[in-house]
Amino acid sequence: MTKSDEKSDPGGDDRDSEIAKETELVCLRNRVKELEAENAELLSQVSSCQCQQMEVKDDRLVRRRRVRKGDKNSIPSHLISRRYVALKIMYFGKRFYGFSAEAQMEPSIESEIFKALERTRLLIGDKKDSCYSRCGRTDKGVSSTGQVIALFLRSRLKAPTGDSEGQVNGRTGERPEYDYVRVLNRALPDDIRVTGWSPAPIDFHARFSCSAREYKYFFWRQNLNLSAMDIAGKKFIGEHDFRNFCKMDVANVHCYTRNVTFFDVSPCQNSHEGDQLCTFTMRGSAFLWHQIRCMVAVLFMIGQGVESVDVIDTLLDTKKTPRKPQYLLASEIPLVLRSCEFENVDFICSTGAAESLRSHFKNESLTYQLESVIYQEALRNCLPPCNVSTEQSSCNDVEKKKKRAEHVPLLSRPTEPSYEERATKLKPRKQETCHV
């Protein structure tokens with residue numbers, strides 16, 4: 001065959017085209033294999049990210065590999081399953097500067113809770129991303145057995161994003177939900193414990209969804225007149241203006257009317273050397289700053305017999321008494337936020353977590369009782385014996401009468417500025433701040 005014949009052969013072009021296609025197909029297959037290998041490597045990296053559980057086929061336990069913050073392999077927060085939950089919290093407030101961390105005084109209960117949330121990887125993002133809310137903002141030294149907070153936490157929930165019904169009903173597929181109580185209590189200090197959790201609807205707010213709050217204030221009876229204090233305390237029931245029974249925050253609070261629905265004073269089962277432990281129980285929709293401690297301070301004066309029961313009516317009448325008399329607050333240590341009530345919120349605690357809580361509370365109670373024994377031992381051994389004679393007893397009675405005589409009646413004391421006077425002073429300050 002001549003060159004002219006080869007050039008004129010129409011089948012040669014077809015074979016060259018087929019060879020080129022085969023070569024291109026081989027290249028594409030090789031590229032696909034490379035991409036599959038890269039994809040497999042990426043999947044292995046994703047499977048080792050924080051809080052991803054790996055099921056091991058050789059019957060080993062499920063392992064969790066945690067990735068440090070800033071790791072490029074960490075899962076984006078929007079891809080992590082989460083749910084909105086309410087947590088019920090107990091804390092012994094003596095060593096804390098209040099519940100809120102906003103005062104920037106450490107330690108606070110709130111800061112300790114968020115440290116535990118970060119340590120357990122239950123918190124996704126930061127506090128701002130969690131839609132966090134709290135029911136009560138207890139002061140320094142105040143304790144609680146029923147504080148409630150709400151926020152988004154990591155979940156095993158498999159409901160699609162935005163399926164609020166699935167979040168509330170707890171549809172988590174085959175895997176059980178995290179035991180939030182047990183997980184968090186392992187990371188919290190001994191004087192803070194989570195006692196329950198509950199699924200919450202998206203519109204739930206720990207403060208504004210609360211229908212009632214109940215406080216208890218413990219005290220030793222001594223020579224207090226419980227009957228007079230009970231009669232006086234019942235006068236608080238109902239809707240009243242409590243500006244003379246609180247610390248006014250004029251910048252943030254403009255209405256001082258609150259509704260107290262229940263009041264009771266009663267003895268407890270505990271006693272010490274013949275002295276009975278008693279408690280005030282107060283329930284209402286909401287309370288003002290220092291309201292409980294102000295109410296208790298005035299009730300103690302009534303119980304001591306230095307103020308009449310009718311002083312409550314006078315102080316609640318803000319037209320007759322527009323300015324609060326100056327008096328000291330009752331101690332914060334015996335005050336306890338006992339419970340916060342909500343509709344359609346049922347707190348859950350697993351059997352194992354409940355047993356751990358019982359054991360912990362029992363051990364802590366025994367520890368505090370041992371500390372009490374040490375002080376009792378000091379009373380017996382570190383001080384000379386007290387032999388009280390009849391003459392000394394009469395002297396003590398005279399001293400008590402003198403102290404009672406030194407008491408200045410509440411309505412005769414210097415007063416604090418009224419709400420209107422405080423508000424008037426605050427306006428120029430606001431204007432100066434705006435100009436700056």
K.L.:
Going through the checks in order, is the side chain to side chain contact (heavy atoms under 4.5 Å, CB included) test met by D249 and L288?
P.N.:
CA-CA 9 Å; D249 181 12; L288 297 162; over 6 Å; no
K.L.:
Looking only at the side chains, is there a donor atom on one of S155 and E177 sitting less than 3.5 Å from an acceptor on the other?
P.N.:
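Checked: S155/E177 side chains pair up, N/O donor to acceptor below 3.5 Å.
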K.L.:
Among residues at least two apart in sequence or on other chains, which ones pass side-chain hydrogen bond (donor to acceptor under 3.5 Å, both in side chains) with R258?
P.N.:
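Listed in chain order: nothing, the list is empty.
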K.L.:
Verify the distance criterion only: is there a donor paired with an acceptor across the side chains of E307 and H407 at less than 3.5 Å?
P.N.:
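A pair is found: one side chain offers a donor N or O, the other an acceptor, under 3.5 Å apart.
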K.L.:
Side chains of T195 and K88: any donor to acceptor distance under 3.5 Å?
P.N.:
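Looking only at side-chain atoms, T195 and K88 do not form any donor-acceptor pair under 3.5 Å.
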K.L.:
Within the 4.5 Å heavy-atom criterion, are Q276 and Q222 side-chain neighbours or not?
P.N.:
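No. Closest side-chain heavy atoms not under 4.5 Å.
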K.L.:
Answer yes or no: is there a side-chain heavy-atom contact under 4.5 Å between T281 and Y215?
P.N.:
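No, their side chains stay 4.5 Å or more apart.
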K.L.:
Is S198 reaching over with its side chain to a backbone N or O of V345, donor-acceptor style, under 3.5 angstrom?
P.N.:
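Looks like no, no N/O pair under 3.5 Å.
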K.L.:
Mark yes or no for whether R413, through its side chain, and Q326, through its backbone, hold a donor-acceptor pair below 3.5 Å.
P.N.:
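Confirmed, R413 side chain pairs with Q326 backbone.
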K.L.:
Name the residue from I109, I89, V194 that meets the side chain to side chain contact (heavy atoms under 4.5 Å, CB included) definition with L188.
P.N.:
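Passing option: V194.
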K.L.:
Regarding E420 and T424, do their side chains bring together a donor and an acceptor under 3.5 Å, going by distance alone?
P.N.:
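No donor-acceptor contact under 3.5 Å links the two side chains.
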K.L.:
Once ring-ring contact (aromatic ring centres under 6.0 Å, His included) is applied, what residue pairs with a partner in residues 111-133 remain, sequence neighbours excluded?
P.N.:
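Non-adjacent pairs meeting ring-ring contact (aromatic ring centres under 6.0 Å, His included): F114-Y132.
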K.L.:
Check for a donor-acceptor pair, side chain of R119 on one end and backbone N or O of A187 on the other, with a separation under 3.5 Å.
P.N.:
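Side chain of R119 to backbone of A187: a pair is present.
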K.L.:
Check step by step if ring-ring contact (aromatic ring centres under 6.0 Å, His included) holds for F287 and F242.
P.N.:
CA-CA 9 Å; F287 291 90; F242 284 94; 8.0 Å; no
K.L.:
Mind checking what makes side chain to side chain contact (heavy atoms under 4.5 Å, CB included) contact with A228, not counting sequence neighbours?
P.N.:
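Partners of A228 by the side chain to side chain contact (heavy atoms under 4.5 Å, CB included) criterion, ordered by chain and then number, come out as N225, I302, V309.
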K.L.:
Walk me through whether F245 and Y256 qualify under ring-ring contact (aromatic ring centres under 6.0 Å, His included).
P.N.:
CA-CA 10 Å; F245 292 94; Y256 292 85; over 10 Å; no
K.L.:
Identify, with sequence neighbours excluded, every residue that meets side-chain hydrogen bond (donor to acceptor under 3.5 Å, both in side chains) alongside E34.
P.N.:
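If we apply the side-chain hydrogen bond (donor to acceptor under 3.5 Å, both in side chains) test to E34, skipping adjacent residues, the hits are R31.
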K.L.:
Applying side chain to side chain contact (heavy atoms under 4.5 Å, CB included), run through M248 and V253 and close with a yes or a no.
P.N.:
CA-CA 8 Å; M248 279 195 279; V253 181; over 6 Å; no
K.L.:
Who passes salt bridge (charged side-chain N to carboxylate O under 4.0 Å, His left out) against K235, sequence neighbours left out?
P.N.:
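Applying salt bridge (charged side-chain N to carboxylate O under 4.0 Å, His left out) to K235 gives D313.
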K.L.:
Could I get the full list of salt bridge (charged side-chain N to carboxylate O under 4.0 Å, His left out) partners for E106, not counting sequence neighbours?
P.N.:
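Result, salt bridge (charged side-chain N to carboxylate O under 4.0 Å, His left out) vs E106: none returned.
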K.L.:
Using only atom types and a distance under 3.5 Å, with no angle test, would you say the side chain of T321 pairs donor to acceptor with the backbone of T318?
P.N.:
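No, T321 side chain to T318 backbone: no donor-acceptor pair under 3.5 Å.
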K.L.:
Going through the checks in order, is the side chain to side chain contact (heavy atoms under 4.5 Å, CB included) test met by I113 and F99?
P.N.:
CA-CA 10 Å; I113 291 171; F99 184 85; 4.1 Å; yes
K.L.:
According to the salt bridge (charged side-chain N to carboxylate O under 4.0 Å, His left out) rule, which pairs have a member within residues 359-371, sequence neighbours left out?
P.N.:
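Every candidate salt bridge (charged side-chain N to carboxylate O under 4.0 Å, His left out) pair involving residues 359-371 fails, so no pair, neighbours aside, qualifies.
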K.L.:
Can you confirm whether H290 sits close enough to R293 that some side-chain heavy atom of one is under 4.5 Å from a side-chain heavy atom of the other?
P.N.:
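They are in side-chain contact.
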K.L.:
Using every non-hydrogen atom in the two residues, find where C268 and C278 come nearest and quote the distance to one decimal.
P.N.:
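Answer, listing the atom of C268 first, then C278: SG-C, 3.9 Å.
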K.L.:
Show every salt bridge (charged side-chain N to carboxylate O under 4.0 Å, His left out) that has at least one partner inside residues 341-360, sequence neighbours left out.
P.N.:
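Every pair satisfying salt bridge (charged side-chain N to carboxylate O under 4.0 Å, His left out) with a residue in residues 341-360: R283-E341, E355-R358.
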K.L.:
I'd like to check the side-chain hydrogen bond (donor to acceptor under 3.5 Å, both in side chains) partners of E239; sequence neighbours left out, ordered by chain and number.
P.N.:
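E239: no side-chain hydrogen bond (donor to acceptor under 3.5 Å, both in side chains) contacts found.
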K.L.:
Is the side chain of K324 donor-acceptor paired with the backbone N or O of C246 at a distance under 3.5 Å, no angle test?
P.N.:
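Yes, because the side chain of K324 sits within donor-acceptor range (under 3.5 Å) of the backbone of C246.
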K.L.:
Please check if the side chain of T145 supplies one atom and the backbone of R338 the other of a donor-acceptor pair under 3.5 Å.
P.N.:
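Yes, the answer is positive, given that a donor and an acceptor are paired below the 3.5 Å cut-off.
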K.L.:
State, without any angle test, whether S359 and S356 hold a side-chain donor-acceptor pair at a distance under 3.5 Å.
P.N.:
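No - no donor-acceptor pair under 3.5 Å links their side chains.
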K.L.:
Could you tell me how the ring of W197 sits relative to the ring of Y180: parallel (under 30°), tilted (30 to 60°) or perpendicular (over 60°)?
P.N.:
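Perpendicular: the ring planes of W197 and Y180 meet at over 60°.
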K.L.:
What residue pairs, at least two apart or across chains, pass ring-ring contact (aromatic ring centres under 6.0 Å, His included) with a residue in residues 333-369?
P.N.:
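Qualifying pairs, neighbours excluded: F92-Y368, F204-F342.
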K.L.:
So does R380 pair up with E377, basic N to acidic O under 4.0 Å?
P.N.:
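Yes.
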K.L.:
For residues 123-130, tabulate all N or O donor-acceptor pairs below 3.5 Å that involve a side-chain atom, not counting sequence neighbours.
P.N.:
from : atom 1 : to   : atom 2 : distance (Å)
D126 : OD1    : K128 : N      : 3.2
D126 : OD1    : D129 : N      : 3.1
K127 : NZ     : E110 : OE1    : 3.0
D129 : OD2    : D126 : N      : 3.3
S130 : OG     : K127 : O      : 2.7

K.L.:
Using only heavy-atom distances, determine whether the side chains of T138 and Y91 contain a donor-acceptor pair under 3.5 Å.
P.N.:
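Yes, Y91 and T138 have a side-chain donor paired with an acceptor closer than 3.5 Å.
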K.L.:
With Y375, which residues qualify under ring-ring contact (aromatic ring centres under 6.0 Å, His included), at least two apart?
P.N.:
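If we apply the ring-ring contact (aromatic ring centres under 6.0 Å, His included) test to Y375, skipping adjacent residues, there are no hits.
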K.L.:
Would you verify whether the NZ or CZ of R82 falls within 45 degrees of the ring axis of F152 while also being under 6.0 Å from that six-membered ring's centre?
P.N.:
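Relative to the ring axis of F152, which defines the angle, R82 lies inside both limits.
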K.L.:
Under 3.5 Å, is there a donor-acceptor pair between the side chain of N244 and the main chain of L316?
P.N.:
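No, the answer is negative, given that no donor and acceptor are paired below the 3.5 Å cut-off.
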K.L.:
Is the F280-F219 ring centre distance short of 6.0 angstrom?
P.N.:
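Aromatic pair counts; centres sit under 6.0 Å.
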K.L.:
For the residue pair C135 and C340, what are the closest heavy atoms and their distance?
P.N.:
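Scanning both residues, the minimum pair turns out to be SG-SG, 3.3 Å.
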K.L.:
Can any side-chain N or O of R154 pair as donor or acceptor with the backbone N or O of R121 at less than 3.5 Å?
P.N.:
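Yes; at least one donor-acceptor contact below 3.5 Å.
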